[in-house]
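Count residues from 1 along the sequence. Quick caveat: nothing in here was measured; it's all calculated off a predicted structure.
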Amino acid sequence: MSWRRALKDTARSGIAVEKKRLEPLIAVRGAAGLAIVIALSLWLFGPAAAASSAFGAFQAAIATFQRSWRPRPELAIASGTSLAVSTFLGYLTISKEPLFLALLVVWTFAAGMSWAAGPTIGLIASSNVAIMLVTVTLPTSVAQAAGHAAMMIVGGLVQAALIVLFPVRRWGAHRDALADALAAEADYARRLRHDPVASFDPQPLMEARNAAAVTPRQARRRPAELHGARGIAERIRPVLASLADPAMGVPAEGHARDRVRELLASAAALLDAAAHAIRHGEPVAAPPAALATFRTPDTGSILTGAPYRAMTRLNTLLQDVVETAGGTPQEDTPHEGAPSGARGTAHSAENDGRSTPRPAPTDPGARGTAHSAENDGPSTPGRAPTHLGARGTARPAPTTRTRPTFLALIPKALKAMRGELQRGSPITRHATRVSAVAATGYILGTWLPLGHGYWAPLTSVMVMRPDFSQTYSRAVARLAGTVIGVAVATGVVQAATPGTLQSGTLAVASAALMYLLMRTGQFATQACIAAYVVFLLGMGGEEWTQTVPERVLLTLMGGLLAMLAYAVYPAWETPRLRTRLADWLAAQGPYVAAVFGSYADPSVRDAPDVRGALLTARTARAAWHAAVARATAEPVRHRGLSRTAADDAEDALAQLGRVAMLLEAHLPERGATPVPPAARFADALRESTHKGAKAIRERRVPTWDAVREALDAWETEDTDKVVRNTATLVLDTLTELSEALDTAVPPMTLDGTAPEKPDGPRDPKDSATR
């Protein structure tokens with residue numbers, strides 16, 4: 001992408017206003033805390049202290065707005081306290097410019113490194129440095145600086161107290177995350193009706209898993225409908241794919257395909273009903289027609305083998321999710337040819353719908369090990385303790401994903417920062433970049449005869465992010481928002497000439513509007529912040545003419561410095577795409593191998609954990625997609641991995657995961673017939689993907705000779721043909737991956753045409769010289 005195109009796209013994204021659901025009660029709570037702090041400070045200490053304390057309360061409220069499943073009061077306290085410490089130390093050194101510059105560089109570098117611990121901590125740290133540049137100018141003595149710092153801490157305490165005393169939608173974020181996961185699977189089921197091999201983005205399931213992490217105290221108060229449904233939703237996805245895919249037995253057209261479409265439509269309706277109930281805390285209104293579809297007597301004669309087993313398990317899981325979400329238990333009507341008895345039974349992998357069934361495994365995880373619906377960690381060997389669910393169905397005993405406390409996050413954050421403190425790290429380059437720009441902006445702002453020179457470094461610190469697109473889009477948004485916000489606030493000041501109390505009221509109103517519109521985009525947020533600062537400084541006695549002209553000019557200079565710094569000292573994502581792709585392959589391979597290993601000997605207790613491998617593969621997939629999104633917006637040429645090759649390789653790896661997911665939907669329970677060749681295939685796959693990831697990092701084309709040999713040695717007389725056929729699909733997708741990465745131009749033949757590619761990838765030595 002050219003620089004012109006990149007700047008145009010980032011500018012457009014910076015000024016875009018997104019349609020998001022507004023949360024007025026949360027905005028009112030944050031504004032109320034700000035109003036309390038301003039009123040208290042005005043009454044006790046006067047306008048200058050009120051302005052400092054208002055910045056503390058303002059920033060503390062912003063900290064609690066960061067993406068969190070339950071707002072942490074500790075974040076508000078930590079934000080106010082860190083701003084207080086920064087302000088006090090800054091005031092002590094502000095009279096000695098070299099010392100203050102040294103403090104600014106160290107403080108900004110630490111804030112830049114804090115992005116290694118996550119965007120929430122990085123944003124809080126960066127905002128505190130930016131606000132410190134303003135607040136150090138307000139006190140006039142050390143005693144006043146200490147008083148201002150104390151009021152900032154009070155501001156954080158007030159916001160934290162309001163979060164505890166007046167919770168808004170206490171479990172709202174958790175409900176939304178789980179409902180979004182179920183709704184995503186409903187949409188997936190509908191798309192499978194028309195495209196049997198449709199793709200599925202597991203991001204909603206990952207968000208729901210993150211939301212499931214709660215403290216022991218929260219676990220005791222968590223609504224029942226939020227406990228268990230996510231685990232069931234995880235199991236539904238591979239079953240839906242297995243039911244729809246023609247490779248599992250249902251032809252592309254015909255009576256069986258029509259029945260599958262009916263089942264998928266009914267599954268989508270039931271999942272949507274469960275999602276709506278969980279989102280709003282209401283009982284599930286399960287559509288009777290959707291329930292009746294699964295009771296159709298002739299289904300057993302239309303679907304047989306793997307499709308029938310998938311239908312039976314889907315029926316079980318859907319009724320589980322409806323009951324968990326708060327629905328009325330439905331009496332199950334057995335299908336023709338299906339077993340009678342408890343609803344929580346399903347056929348084993350070998351049961352074609354006509355033989356006597358065995359009890360279903362409580363989880364489709366490896367080796368039939370019973371996992372809790374909320375347990376995503378490594379499985380415990382052996383049978384998990386169970387309890388009776390609806391109508392006597394045996395279910396796993398519930399466990400809880402523990403959410404770490406705020407204090408427990410501190411050593412993890414420090415460890416993450418230490419891990420990134422190395423040459424070539426994008427986080428370290430960002431920290432170096434932002435600290436250099438902050439010092440340069442402060443020197444230039446002080447040297448220029450504009451006054452209020454801190455606006456330039458303030459802007460730079462606020463807009464700079466570790467990646468290119470966010471830095472440039474935020475710079476454009478801040479400039480445009482500043483002009484609009486200052487213009488509106490200036491017009492109000494000129495027309496109404498507000499006093500101290502009126503200016504404080506207008507500042508609170510601007511903050512409330514900012515809290516309300518925070519998730520709609522940077523443009524609206526920056527406009528509200530600009531108006532807030534104008535009103536707040538006006539409350540402290542500064543005239544609008546003292547802030548408006550230089551604020552706009554210095555904001556422009558700070559934004560330009562930030563953009564120039566990234567162009568001079570970048571941390572491009574495009575050259576690292578090969579590494580991200582290799583990481584995804586290295587994570588996807590063990591997952592696929594774990595699935596095949598589960599068939600080798602289902603009675604082995606220490607077989608690989610399918611669930612843990614799947615979670616690792618999902619994390620690597622998310623990292624790859626985030627890297628591709630950043631690289632797409634960068635104005636640089638690829639270095640070894642073109643966009644076309646990246647897209648083809650992504651398709652191949654996604655297909656590899658999908659093939660394993662289809663097989664995972666029919667994992668055998670304990671006592672099933674072992675498939676010994678699956679063990680050799682799993683070992684070859686695990687070793688080959690590890691070597692293949694290394695080859696990709698070294699810009700070589702991976703080869704799969706060991707996998708092909710294991711497949712050729714696989715005898716099919718006494719083994720499950722479905723497993724053997726799936727292994728063939730795995731090799732095909734790995735071959736497609738190698739072909740996608742084999743971008744060397746073949747030599748021309750005598751007639752001027754390129755020779756056809758041979759089956760399989762090229763010799764890696766041939767590609768290593770390109």
Side-chain angles (χ1 to χ4, degrees), residues 175 178-194 223-233 235-237 239-244 250 255-303 307-347 353 357 360 373 388-393 395:
R175 289 184 179 277
L178 180 54
D180 289 344
L182 293 174
E185 290 199 321
D187 177 71
Y188 181 51
R190 279 188 291 268
R191 288 188 290 111
L192 286 174
R193 296 178 66 240
H194 308 287
E225 59 268 26
L226 298 183
H227 184 76
R230 181 189 59 82
I232 302 172
R235 304 174 213 170
I236 288 177
R237 180 210 171 186
V239 177
L240 289 172
S242 175
L243 179 63
V250 178
H255 197 28
R257 175 58 57 181
D258 293 338
R259 178 53 52 88
V260 166
R261 292 192 179 105
E262 293 174 0
L263 294 171
L264 292 172
S266 299
L270 291 172
L271 288 169
D272 276 335
H276 182 273
I278 289 174
R279 194 184 304 276
H280 299 283
E282 302 171 351
V284 177
L291 294 173
T293 302
F294 285 90
R295 301 195 191 104
T296 304
D298 61 346
T299 301
S301 61
I302 299 174
L303 301 179
Y308 184 83
R309 295 194 298 270
M311 181 278 300
T312 304
R313 179 165 293 179
L314 181 61
N315 181 29
T316 299
L317 294 173
L318 288 174
Q319 293 200 44
D320 280 345
V321 77
V322 168
E323 292 174 11
T324 304
T328 302
Q330 302 289 334
E331 294 299 330
D332 187 37
T333 302
H335 302 280
E336 181 180 339
S340 60
R343 179 188 53 76
T345 60
H347 297 283
L388 290 181
R391 299 187 298 285
T393 302
R395 294 181 183 173

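Closest non-hydrogen pair, A286 versus V322, comes out as CB-CG1, 4.5 Å. The two residues H255 and I302 come nearest to each other via the heavy atoms NE2-CD1, 3.5 Å. For A183 against A275, the heavy-atom pair with the smallest separation is N-CB, 4.0 Å. Across all their heavy atoms, V239 and A310 have their closest contact at CG1-O, 3.2 Å. Minimum interatomic distance between A325 and A277 (heavy atoms only, all atoms of both residues): O-CB, 4.4 Å. Closest non-hydrogen pair, L182 versus A233, comes out as CD2-CB, 3.6 Å.
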side-chain contact (heavy atoms from CB on, under 4.5 Å) evaluation trace for I236 with L271: CA-CA 10 Å; I236 288 177; L271 288 169; 3.9 Å; yes

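Between atom OG1 of residue T293 and atom CG of residue L270 there is a gap of 8.5 Å, rounded to the nearest 0.5 Å. Rounding to the nearest 0.5 Å places CZ of R235 at 12.0 Å from CD of E185. The line from CG of L317 to CD1 of I232 is 7.0 Å long, rounded to the nearest 0.5 Å. The CG atom of L264 sits 9.5 Å away from the OH atom of Y188 when rounded to the nearest 0.5 Å.
At a threshold of 4.5 Å between non-hydrogen side-chain atoms, the residues R313 and S242 do not count as touching. Annotation: side chain of R295 is in contact with side chain of L291 (closest heavy-atom distance under 4.5 Å). You'll find the side chain of L303 reaches within 4.5 Å of the side chain of V260, heavy atoms only.
Salt-bridge annotation for R190 and D272: present, with a side-chain N of the basic residue lying under 4.0 Å from a carboxylate O of the acidic one. A salt bridge between D180 and R279 is present, with a side-chain N of the basic residue lying under 4.0 Å from a carboxylate O of the acidic one.
The side chain to side chain contact (heavy atoms under 4.5 Å, CB included) test with L318 singles out one residue from T316, D320, L314, N315, and that residue is L314.
A donor-acceptor contact shorter than 3.5 Å is absent between the side chain of R193 and the backbone of E262.
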